[in-house]
Amino acid sequence: MKLRKYITTCAVVSILGAALLAGCGENKDKPESAPEVSVEKTEEPSEATDEPEENKPTDASEMSLKDEYNELFTIGVAVNSWQLEDKETLDVITKDFSSFTCENEMKPDYVLDYEKTIDSDDGMPEINTENMDKIMTMAEDAGLKMRGHTLVWHSQTPEWLFHEDYDEEKDYVGRDTMLERMEAYIKKVLTFCNEKHPGTVYAWDVVNEAASDGEGLREDSPWYITIGEDYIEKAFEYARKYADKDVKLFLNDYNTEVNEKRKVLYDVVVGLHEKGLIDGFGMQSHHDREYFNVDEIRTTIMKFAQLEGLEIQLTELDMHYNDNSEDAMNEQAEAYRAIFDTLVELDKEGFANITNVTFWGLNDGTTWLTGHKKEDSYPLLFDENNEAKPCYYSIFDAVAASDKYAGIKKESE
Ligand code: 9MR
């Protein structure tokens with residue numbers, strides 16, 4: 001039995017934890033337009049919300065993140081089909097998560113089918129639904145819902161899609177042809193989901209990573225080059241046309257806590273929101289010990305939450321640590337706690353419509369970050385043996401302490 005180590009070492013992390021942690025980081029670029037929130041506590045938090053109770057489960061095997069966060073938002077995880085196929089791993093997934101995202105297998109590279117496309121009667125892109133079908137059936141059997149990731153992206157998309165006769169040696173096609181191809185592709189994917197697996201995918205990252213790392217949009221995306229700046233709006237237009245009415249359409253990006261990028265993405269979302277084409281904004285949330293700043297996370301959420309009804313999801317949450325010593329993992333637990341304190345507070349009091357938080361990977365043994373950073377990374381809730389880490393427990397503490405937020409009021413109230 002794995003005892004709840006975190007609670008003994010870092011038991012009392014109060015509502016001020018987020019603020020304290022934010023104070024440790026730089027707040028270089030807070031946007032001026034983000035509404036301010038005043039925290040007015042009407043009553044002192046009871047001890048029971050802060051301290052572990054005698055009868056509170058202290059063993060991860062008796063705990064469930066999805067149940068604990070049930071009233072606030074759903075909790076998801078990015079996985080690959082081999083993890084769903086492995087009974088032991090599936091049990092780990094279904095205990096804590098109610099939703100998953102395919103880490104790769106629903107990306108255009110995996111879904112678009114070159115052989116079928118070059119043989120197609122109407123010259124439009126064709127998709128291979130076999131693997132999607134298998135995964136969505138496994139999701140249904142396991143009682144899991146899915147985030148669809150992703151339809152339109154500059155990366156993990158076959159280069160042939162953009163060329164005349166689907167031949168990379170030839171020129172890019174013109175705008176009209178590319179729009180036809182985009183519509184046909186989006187239509188096929190979404191129609192398959194609607195007809196074969198209605199209700200399983202509840203949200204799609206319609207456009208992923210549209211903003212550049214500098215200023216403005218990513219102009220070197222083949223979508224941008226072939227169609228022009230309005231490829232984003234067109235993608236949402238087609239997604240709206242073919243998605244089931246309950247499926248939520250998202251713009252998704254990373255570094256959404258960086259001021260320049262936040263501004264660019266906000267303008268895009270405002271334009272789509274005015275036209276009724278978007279339902280949500282996805283903050284990927286790939287954090288790093290070195291740059292972590294919870295204040296900027298709050299600022300981004302508050303900024304986008306100004307848009308009426310807009311859902312906000314943390315779609316790819318992880319936190320790079322290259323050190324898994326006890327001290328480092330306890331520090332990571334506090335950082336995760338600060339994020340969840342912020343989410344719980346903003347969601348619970350109605351400042352933001354946060355609807356899902358998805359971790360980008362199940363455990364430290366399968367994270368994309370180890371390959372990407374070229375050093376070991378320990379960014380997730382579970383270690384390589386699926387043992388819960390301190391951050392797993394600290395996230396429970398955030399929701400357990402959420403009664404404290406009763407009484408927080410908007411300044412205008
Ligand atoms: O985790 C994914 C990794 O297995 C792939 O090799 C990589 C290829 O780009 O994509 C990773 O997932 C990315 C996601 O689709 C979009 N946001 C950034 C994620 C991490 O790179």
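Just so you know, ligand 1 is whichever comes first in the structure, and atom 1 is the first atom listed for that ligand.
Taking the ring axis of Tyr166 as reference, the NZ or CZ atom of Arg181 stays within 45° of it and closer than 6.0 Å to the ring centre. Both cation-pi conditions hold for Arg147 and Phe250: the charged atom is under 6.0 angstrom from the six-membered ring centre and inside a 45 degree cone around its axis. By the 6.0 Å and 45° rule, Lys303 stacks over the aromatic ring of Tyr266.
Take Asp244 and apply the salt bridge (Lys or Arg N to Asp or Glu O under 4.0 Å) test, not counting sequence neighbours, and it matches no residue.
The side-chain contact (heavy atoms from CB on, under 4.5 Å) test with Cys102 singles out one residue from Lys107, Met146, Met136, and that residue is Met146.
Aromatic ring orientation, His286 versus Trp368: perpendicular (interplanar angle above 60°, classes split at 30° and 60°).
Sorted by chain then number, the residues whose non-hydrogen atoms approach ligand 1 to under 4.0 Å are Glu103, Asn104, Lys107, His149, Trp153, Gln156, Asn208, Glu209, Gln284, His286, Glu316, Trp360, Trp368.
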